[in-house]
Colleague: 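First, the structure itself, so that you have it in front of you.
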2 protein chains.
Amino acid sequence: MGASKSSAFTKKQNEIANIAKALSHPARVSIVQLLLKKESCVCGTIVDELPLAQATISQHLKELKLAGIIKGSIEGNSLCYCLDQKNLKLLSEFILPLLHYTSPIKCC
Amino acid sequence: MGASKSSAFTKKQNEIANIAKALSHPARVSIVQLLLKKESCVCGTIVDELPLAQATISQHLKELKLAGIIKGSIEGNSLCYCLDQKNLKLLSEFILPLLHYTSPIKCC
DNA sequence: TTGTATAATCGCAATATTACGATAATAATT
DNA sequence: AATTATTATCGTAATATTGCGATTATACAA
C-alpha cells in the first residue's frame with residue numbers, strides 16, 4: 001500500500017494527472033511563469049530568482065522536463081530551457097470542458 | 001527538510017499549485033470526469049465505478065473538496081457532489097497564456 | 001429501538017516528494 | 001594544465017501521499 005494505483009486508470013487519465021503533478025508545486029509554477037516572461041531561459045538565472053538551492057531547482061527542472069512541460073537544449077556554454085506546449089494543451093483540453101459545466105440536477 | 005517551501009512563493013502561485021495538486025492523481029481526474037458526465041453525483045456511485053476502496057475514495061473526494069474543485073451537499077439520504085468552477089478557472093487562466101507562447105530567442 | 005445503508009475518520013504500512021550539502025561532469029577561460 | 005562557471009547527480013533526512021481495514025457517525029427504514 002502507498003503506491004499510486006495508476007494501472008487501474010486509463011492512459012489519458014494518467015497523462016493528465018502527470019502533467020498536473022508537474023505543476024503541483026509553487027516552485028515549478030514559478031519556473032513556468034519565468035520562462036513565459038524572460039528573454040533568456042538559462043537555468044542560472046532561474047537559480048538567481050528563486051529562494052531555493054541549485055540542486056533543488058535542477059530537480060524541479062528535471063520533473064518539468066520529464067512531464068514534457070519544458071524542453072532544454074545546449075546553447076553556448078549553458079543550458080537553455082523553454083516551454084513545451086504539447087502536453088500543456090492536453091491539460092487545457094481536460095480543464096476547459098469543466099468550465100462550461102452546469103449541474104444537470106439541482107443539488108449543489 | 002522535505003517540507004514544501006510554500007512561504008517563499010506568492011499566494012497565487014501556491015493557489016495554482018494546490019489546484020494542480022488536486023488533479024495530480026488519476027483517481028481524482030477520473031472522479032472529475034465522472035461528475036462532468038453523470039446525472040447523479042452521489043459518492044456511492046463513484047465507489048461503484050472506481051477500483052478503489054470506499055475509504056480511499058472518500059479521501060480523494062475530501063482533497064478535491066478542500067481544493068475547491070468540487071462541492072458537496074446533503075441530498076435526501078446521501079451526499080451529492082458537483083463540480084465547482086471558481087478554482088478551475090484560476091488554473092485555466094494560468095495555462096491558457098502558456099499555450100500562446102513562442103520562444104523569444106531561437107534556442108529550443 | 002433495531003437494523004441497514006451511506007459516507008467520514010482513524011490508524012497504520014508502503015511509497016513518494018522535497019530540500020540541500022557534497023560531489024561529479026562538462027565546457028569555456030586563463 | 002589549472003581555474004572558473006554552470007548544471008546534474010548522489011545520498012540522506014524530513015515530510016507528504018496513497019491505500020485499506022476497521023471503526024464511527026448519520027440518516028432512513030422496519
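Computed from a predicted model, the values in this text were never measured in an experiment.
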Colleague: How long is the line joining CG of B:L61 and C1' of D:dT17, in whole Å?
Modeller: 16 Å
Colleague: Name the residue closer to the 5' end of DNA chain D, choosing between A:S58 and B:P51 according to the nucleotide with the nearest heavy atom.
Modeller: A:S58
Colleague: Could you work out which one of C:dC20, C:dT18, D:dA22 sits closest to the side chain of B:A55?
Modeller: D:dA22
Colleague: How many Å lie between CG on B:N14 and P on C:dT18, as a whole number?
Modeller: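 The answer, rounded to whole Å, is 13 Å.
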Colleague: Between B:P26 and A:A17, what is the shortest heavy-atom contact and its length?
Modeller: N-CB, 3.5 Å
Colleague: Which listed nucleotide (D:dT18, C:dT18, D:dG21) is nearest to the side chain of B:A53?
Modeller: D:dG21
Colleague: For a quick check of understanding: with a heavy-atom distance under 4.0 Å over all strands, which category does B:Q59 fall into, base, sugar-phosphate or nothing?
Modeller: base
Colleague: For D:dT6, does OP1 or OP2 lie under 4.0 Å from any side-chain N or O of A:Y81?
Modeller: no
Colleague: Which word best sums up how the rings of A:H25 and B:F9 line up, parallel for under 30°, tilted for 30 to 60°, or perpendicular for over 60°?
Modeller: perpendicular
Colleague: Closest to the B:H60 side chain: D:dG19, D:dT18, C:dA8?
Modeller: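 Out of D:dG19, D:dT18, C:dA8, the nucleotide with an atom closest to B:H60's side chain is D:dG19.
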Colleague: Whole-Å distance between D:dT7 P and A:I57 CD1?
Modeller: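 Taking atom P of D:dT7 as the reference, CD1 of A:I57 is at 10 Å.
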Colleague: Can you tell me the distance, in whole Å, between the NZ atom of A:K65 and the C1' atom of D:dT9?
Modeller: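 The distance from NZ of A:K65 to C1' of D:dT9 comes to 13 Å, rounded to the nearest Å.
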Colleague: Looking just at side-chain N and O atoms, do B:T10 and B:Q13 make a donor-acceptor pair shorter than 3.5 Å?
Modeller: yes
Colleague: With sugar-phosphate meaning primed atoms plus P, OP1 and OP2, does A:Q54 contact a base, only sugar-phosphate, or nothing at under 4.0 Å between heavy atoms?
Modeller: base
Colleague: At 4.0 Å (heavy atoms only), tell me whether B:L52 reaches a base, stays on the sugar-phosphate, or touches nothing.
Modeller: sugar-phosphate
Colleague: Base, sugar-phosphate, or nothing for B:K21, non-hydrogen atoms under 4.0 angstrom?
Modeller: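 Sugar-phosphate only.
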Colleague: Quick check for you: among C:dT9, D:dG19, C:dA19, whose closest atom lies nearest to any side-chain atom of A:T56?
Modeller: C:dA19
Colleague: Between B:I31 and B:H60, what is the shortest heavy-atom contact and its length?
Modeller: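 Heavy-atom minimum between the residues: CD1-CB, 4.0 Å.
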Colleague: Please report, rounded to the nearest Å, how far the C1' atom of D:dT18 is from the CG atom of B:L64.
Modeller: 14 Å
Colleague: Can you tell me if A:Q59 and A:T56 form a side-chain donor-acceptor pair at under 3.5 Å?
Modeller: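 Result is no, nothing qualifies.
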